[in-house]
Amino acid sequence: MMQRETWATRIGFILAAVGSAVGLGNIWRFPFQTAENGGAAFLVVYIIAVLLIGIPAILAEFVIGRRSKQSAIGAFDALGRPRWRWVGAVGVLAGFWTLSYYSVVGGWVVRYAIGSVTGAYLGDPGTYFGAISAGPEAVAFHAVFMLVTIGIVAFGVESGIEMATKLMVPSIILLMLGLAVYAFTLSGSAAGYEYFLSPDFDALVANFESVIPAAVGQALFSLSLGYAVMITYASYIDRDENLGVDGLSIAITNTFVAVLAGLVVFPLLAAQGVDYGSEGPGAIFVTVPTAFADLPNLAARAIGFVFFFVVFIAALSSAISLLEVVTSHLVDSYDVDRKPIAVGLGVIIFVLGIPSAWDTAWLTWFDLVSVNLLLPVGVFGVVVFAGWILSADATDELGRGAPSLRGVAPVWLWSLRTIVLLAVLGTLVLSLGSLTAPPL
Ligand code: PHE
């Protein structure tokens, strides 16, 4: 066997996990999902889902990864439960599937970063988005985004991933804070806060069978759960780390960035007089550039570039994690060199993403299958496996190297077996009900 890599530093692991969590899910997906699902009530369900399912489930993935020291599928073999390999397999499949359209949105971001330099979108961001989001140009930029992702994964865990994520989180928070403050000063923005922060529970009750799976799915997708990403990343850490602190800091940072994105998008939509749900997946790409358009031309281009460049880094560090799951599974199982694997996989994923780049209806459908089918099945598997199959071993692993967690571990296990399991099961049923046929 080749020597298995590990994270250079503990902060390297946390940054990479945060890098995976914070991405287009927070900045692109969260705002338009909130807008399409009634605003503040969606936010409430989202936050409950992070606390109730997300944090216990992220710890479950950490425990599986760290105890087995193996990636996605091999982890279950190493733990002596080969019949549970399907949980890892769902993750690997989901990563493959998800990266194919995630990269298309990543391509839009690259296009916008370049469009900022030339000032291309400043005249009319809405029309610009329509022109670049589907068709040959979208395919080309999807290719560019995949190429960069492949390059980083080919170089391996330490040199590639840790470096790319170090600067991203602080920059994204600073930029979003700046935009949120700016949005606050605009006249007409107040209605946006009302929509985003003041829940209408009657509407939630009326539409619970679509709003709940959407919000829970968003929460778990945003934490990169169900895709074996956190299993794989935790397989690279040393024993003596406090997984509870890691999981909490990741969940808090991740939720903070999503809420910030909402505090940027909703006041901007309100101030610009646009209907909340009407922009769909284009929301962030239309509102933020429209806000820049008020600035002097040169400043607009500069700030636009910095903004989309940082979003690009955020997208990249998530895309890397998706490709890493599949790559490291093959590297671990067949003891092969990671470079040709990363390249071969990347090419297949690129081809799989062409329909999504050609027509946004396909992108939406790929996203639906990912978040409403693969994800809940994967998370369900993780929760049952950690709660019922690993059981005492899981509690033992959580407490390892962290005396303060030993008291909490049994409570965590108990919650996995009861509340978390029921919540995931309920979501799974509702999610399956929200699936639709492909847009053929
Ligand atoms: N969590 C990432 C985001 O919010 C997306 C992602 C999902 C990455 C699943 C890896 C696995 O953008």
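Computation of the quantities below employed the complete heavy-atom set of this structure, encompassing side-chain atoms and omitting hydrogens, waters and symmetry-equivalent molecules. Indexing begins at 1, ligand by ligand and atom by atom, following the structure's order.
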Worksheet, complete the sentence: The side chain to side chain contact (heavy atoms under 4.5 Å, CB included) partner of Tyr46 among Val50, Ile48, Val44 is Val50

Worksheet item: Of the backbone atoms (N, CA, C, O) and the side-chain heavy atoms from C-beta on, which set of Ala21 has a member under 4.0 Å from an atom of ligand 1: side chain, backbone, both, or neither?
Response: backbone

Worksheet entry | Ser318 neighbourhood, listing ligand 1 atoms whose heavy-atom distance to it stays under 4.0 Å | 2 (C), 12 (O)

Worksheet item: Looking only at protein heavy atoms, which one is nearest to atom 11 (C) of ligand 1, and how far off is it?
Response: Leu322 CD2, 3.3 Å

Worksheet item: With a 4.5 Å heavy-atom cut-off, do Trp365 and Asp359 have their side chains touching?
Response: no

Worksheet item: So do the side chains of Leu345 and Leu330 get within less than 4.5 Å of each other, counting heavy atoms only?
Response: yes

Worksheet item: Going by the angle between their ring planes, with limits at 30° and 60°, are Phe221 and Tyr102 parallel, tilted or perpendicular?
Response: tilted

Worksheet entry | Any N/O pair Phe221/ligand 1 closer than 3.5 Å | yes

Worksheet item: Heavy atoms, side chains only, cut-off 4.5 Å: are Thr149 and Leu322 in contact?
Response: no

Worksheet item: By number and element, which atoms of ligand 1 are closer than 4.0 Å to a non-hydrogen atom of Val229?
Response: 10 (C), 11 (C)

Worksheet entry | Whether Phe385 and Trp84 hold their rings parallel, tilted or perpendicular, with breakpoints at 30° and 60° | tilted

Discussion item. In this structure, is the centre-to-centre distance between the rings of Phe141 and Tyr112 below 6.0 Å?
Written reply: no

Practice prompt. Check each heavy atom of Ser20 against ligand 1 and say whether those closer than 4.0 Å belong to the side chain, the backbone, both or neither.
Written response: both

Fill in: Near-ring test Phe145/Trp108, centroid separation under 6.0 angstrom
no

Worksheet item: Just which atoms of ligand 1 are under 4.0 Å from any heavy atom in Asn26?
Response: 4 (O)

Item to complete: Before signing off on this row, confirm whether Gly25 and ligand 1 have an N or O atom pair separated by under 3.5 Å.
Response: yes

Discussion item. For ligand 1 and Ser222, I'd like to know whether there is a polar contact (N/O to N/O, distance under 3.5 Å).
Written reply: yes

Worksheet item: Tell me, which protein residue and heavy-atom name are nearest atom 8 (C) of ligand 1, and how many Å apart are they?
Response: Ser224 OG, 3.3 Å

Item to complete: Using a strict cut-off of 4.0 Å, indicate which atoms of ligand 1 neighbour a heavy atom of Ser321.
Response: 8 (C), 10 (C)

Practice prompt. Note the single closest protein heavy atom to atom 12 (O) of ligand 1, along with its residue, its atom name and the distance in Å.
Written response: Tyr102 OH, 2.5 Å

Item to complete: Using distance alone, determine whether Leu24 and ligand 1 share an N or O pair under 3.5 Å.
Response: yes

Worksheet, complete the sentence: On a heavy-atom basis, the closest approach of Gly353 and His142 is CA-NE2, 3.7 Å

